[in-house]
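Just so it is clear, the values below take in all heavy atoms, side chains as well, and ignore hydrogens, waters and symmetry mates. The shown structure was predicted, so the numbers you read here are calculated from the model rather than taken from an experiment. Chain identifiers are assigned alphabetically (A, B, ...) following the order of the sequence lines, protein sequences preceding nucleic acid strands; residue numbering begins at 1 within each chain.
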Amino acid sequence: MTAAAIAVSKPKRKFKLTKRVFSYPYVLFMLLFVVIPLVMILVNAFLDSDNTLTLDNFADFFTDKSSLIILANSLLVGVITTAICLIIGYPLSYILSKMPSGRVLVLFYVLPMWVNFLIRTLATKAIFIAIDVPLGMGTVIFGMVYNYLPFMILPLHTTLSSIDRSYIEAAQDLGADSSTVFLKTVLPLSVSGIISGITMVFIPTISTFAISQLLSNGKIFLFGDSIQMKFEQGLYGVGSIMSLVMLAFVLVSNFIINRAGRKSGLSVGRSLW
Amino acid sequence: MKKKALVILALIVVCALAPALAACNTSGGGIVSGGADTLVIYNWEDYIDTGILDEFAAYYREVTGRKLDITYSTFDTNETMLTQVMRGETAVDVVCPSEYAIEKLMRAGLLANQKELAEKFSKDYPGAFDNMSDSTHSGNINATVLGKIGETFGAMEIGGKVLDMRDYMVPYMWGTLGLLYNTKVISEKELEEYGWGMLWNESDNPELENMILMKDSVRDSFAAVVFYMEEYDLLPDEVSETYGKPFDELTVNELINCTDAPLVAKAEELLTSQRERISGYEVDFGKDDMINEIVYLDLAWSGDALWAVEESEYYEDTDTYQLGYYVPEKSNIWYDGWAVLKNSDSKLAAMMFIDYMCSPEAGARNSGYIGYTSAVDQELMRYDNGAAQALLDVEYLWYANEEECSVWTDADGQLAFHFEWVEGEGYWLDLFGREIEPDESALTPLSLQTDEEGYYLLPADIAAHLPEGMDSYPLDEDYIVCPDSISLFYDDEGRYPEITENLGVMQDYGAANEAVVNMWQRAKAGGGVPASLWWCLFAILLFVGAILAAYFIKEALKVRPRRTAKSSEPPSAEDTDGGEPSSS
């Protein structure tokens, strides 16, 4: 993002001031709706119900076995959903990127996103009930994969279809067979897409609450559900701690994913999201 | 009542429309500043016939001569309301929360004493506050409900003073907690025998296994599990710390408000064991799932349950509905009430509004519109013209038809209606739907005039047939309202249960709230990571492993015949293995 910004700002120096003015609404928006809520959560985390400073909320959370189990469940569901999305999404994007009509076909995967995800989830639930599938962990993971698959396919497709064909041709000229071409050329070149996809899927899945609630009749209780319940019951302190823990996980996973990306020579690819 | 999914949807819509709404608000605000009085009402969602608001504004203008601008906003849980009001984030004049939330507001010293306000305002507007109730008179409000409130909240010690909640709120709607069941799967006998145990499928009905829905609400589920313990002698053997006597000697009211550690621990154990036997937890889709027979039993509030029964299929041959509502012997009685905030600037309008909501007509309209039981005395509503009209509009009442019933007069000239829905099981009702047992030999058939569709027209000499002390038929002008429909509405035990010792009022959990919420979370989450998750992860790893293995085998096969194997091949495979993100 910064690289792009510099690239744009260099040639037209005259309008520098105007441009900065244009960014003010966004900065204001970020302040109001991102920074201030975060600060409020941070403050709440250290307050008890009588608004006095305390660290009890941390103790409450980290000594409560059930909260930690719920967190582990959420992380596992997140990992599984992301893995399934990748296993389904990568071959699909690969095939689509090779097809001339791929761009149009990708639209079909994006199309469902135009319908509100709650409506889609409720519809999924109705289908499961109609075909007598018992609601539970299986249906929750299905719902997650169904909802987040487009977020995996889109970056993958963009990366894969933007790979220069000449790299592949060069590899073939040098005698690589199709699997070697894939492993040594296509896969490394698409790592940026994989990373964007994983980020786009894993981070939302560990924090969802609506999908798990609806598709399991509330029997699967994930971290997002727990946070929602804490806030609903007026336990703002613990709820804030849990939000912070969630935030920490998002940051850590982002960091790890990015690290992994840089390590495997990401310099060829571009960051997509 | 709590339509969570819908709320989320609504939120999304609201976010999308926020700019437009903001514009509306500011234009509205402009008018408000033009000298009119304002009233901000903060109520549950879908909890009022909104048409009444405009009528109240007109009534207010008539009485006070001033214009009134009403802002009506809603909340979806008591906790949302509490946050808004207690943190002072919203300037509100009137709120309508549940009993325990009113208790919290009172303890926080946020509510105005309505009795004092009524006395003060009555000087200028005599008679304008006669409908509403306080601790000394019940007005139009059901006196038994008020008595029940007084039992629990009649003497609250707050800040050194003893306060009566009835001076700080006027009940609006009330009801019970009970079981909504499918009449084809569960018999009434089963319900009477097993009571709350039905939620744990104590009757071992194979059809009920995994077909039960629990409320996704801490307070209601805790109440249900405590009653279940009481019924099945599962209460802890210890002595209750709070009350100083054994758990099994506690009254219903004490039991339902007890949050002693042993009781909460036992509740957790039972709720966790229940988790394996039920379909899930709901707050908003239970009614629909019951009607669509996705589940057969649901823990429900009376208003929701009655609505569902009304919507469910009716079997003519047995005169039964597909769904039924059953309140076990011991249960919870809840109510929502109107309260005026202390810092309100429009206390007069707020008080007049509350009084307006206590008229029989408003009671019937709201009750008919939302399906819950109004706290207005049902005997007043039964004889009130406006109330009857309101219920006719929403089809809770209908006109008497000659196909349904025959009309007779007894020795005193009173009308008697004979109904026979099921062959051989006839019964008699008077003009107002009360069951009577007339001396059948003294009855003479009366041939009332009917219109072309068979509806009985009101006879011109109706005054002669009315009970003593009544000079006109108050229900409708031209037709007779079917007495059976009146009876069905006002004598429904689900809608108007008998209020006895066995119904307990729930108080705020106070400091124990967090412990109970945590218990509920543990019960709902079940113990440990589900095995299915590990299997799922294992399957994925196996799948990835299989692909890698396939690649290695292929490489190995390829390498051998060629003999010119490139030494770089094996490390490259390891490289990709390390870079495979799905396995990390």
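Using a 4.5 Å cut-off between heavy atoms, A:Tyr236 contacts chain B through its side chain alone, with no backbone atom that close. For A:Thr82, no part lies near chain B; criterion is any non-hydrogen pair under 4.5 Å. Proximity to chain B is limited to the side chain of A:Asp60, based on heavy atoms less than 4.5 angstrom apart. Interface remark: A:Leu135 contributes no atoms to any contact with chain B (heavy atom separation under 4.5 Å). Only the side chain of B:Trp534 comes within less than 4.5 Å of a heavy atom in chain A; its backbone stays farther off. Within the 4.5 angstrom heavy-atom criterion, only side-chain atoms of B:Ile294, from C-beta onward, approach chain A. Using a 4.5 Å cut-off between heavy atoms, A:Lys230 touches chain B through its side chain atoms alone. Heavy atoms closer than 4.5 Å to chain B are found in the side chain of A:Ile141, but not in its backbone. Interface remark: A:Thr121 contributes no atoms to any contact with chain B (heavy atom separation under 4.5 Å). Contact of B:Ile547 with chain A is not made at all, since no heavy-atom distance falls under 4.5 Å.
With no hydrogens or angles considered, no side-chain donor-acceptor pair links A:Asn217 and B:Glu282 at under 3.5 Å. Checked by atom type, the side-chain pair B:Gln521/A:Ser226 shows a donor-acceptor distance below 3.5 Å. Residues B:Ser279 and B:Asn210 have side chains that never bring a donor and an acceptor to within less than 3.5 angstrom of each other.
Among the candidates B:Arg522, B:Arg275, B:Lys524, the single residue satisfying the salt bridge (charged side-chain N to carboxylate O under 4.0 Å, His left out) test with B:Glu268 is B:Arg522.
Salt bridge absent: B:Asp508 and B:Arg107 never bring a charged side-chain N and a carboxylate O closer than 4.0 Å.
The choice from A:Asn73, A:Asp225, A:Ile220 that makes the most heavy-atom pairs within less than 4.5 Å of chain B is A:Asn73.
With A:Ser190 contributing its side chain and A:Leu187 its backbone, the two residues share a donor-acceptor pair below 3.5 Å.
For A:Met40, the CE atom counts as loosely surrounded, since its 6.0 Å shell holds 12 or fewer non-hydrogen atoms of other residues, nucleotides or ligands.
When all heavy atoms of A:Val79 and A:Phe202 are compared, the pair lying nearest together is N-CE1, 3.6 Å.
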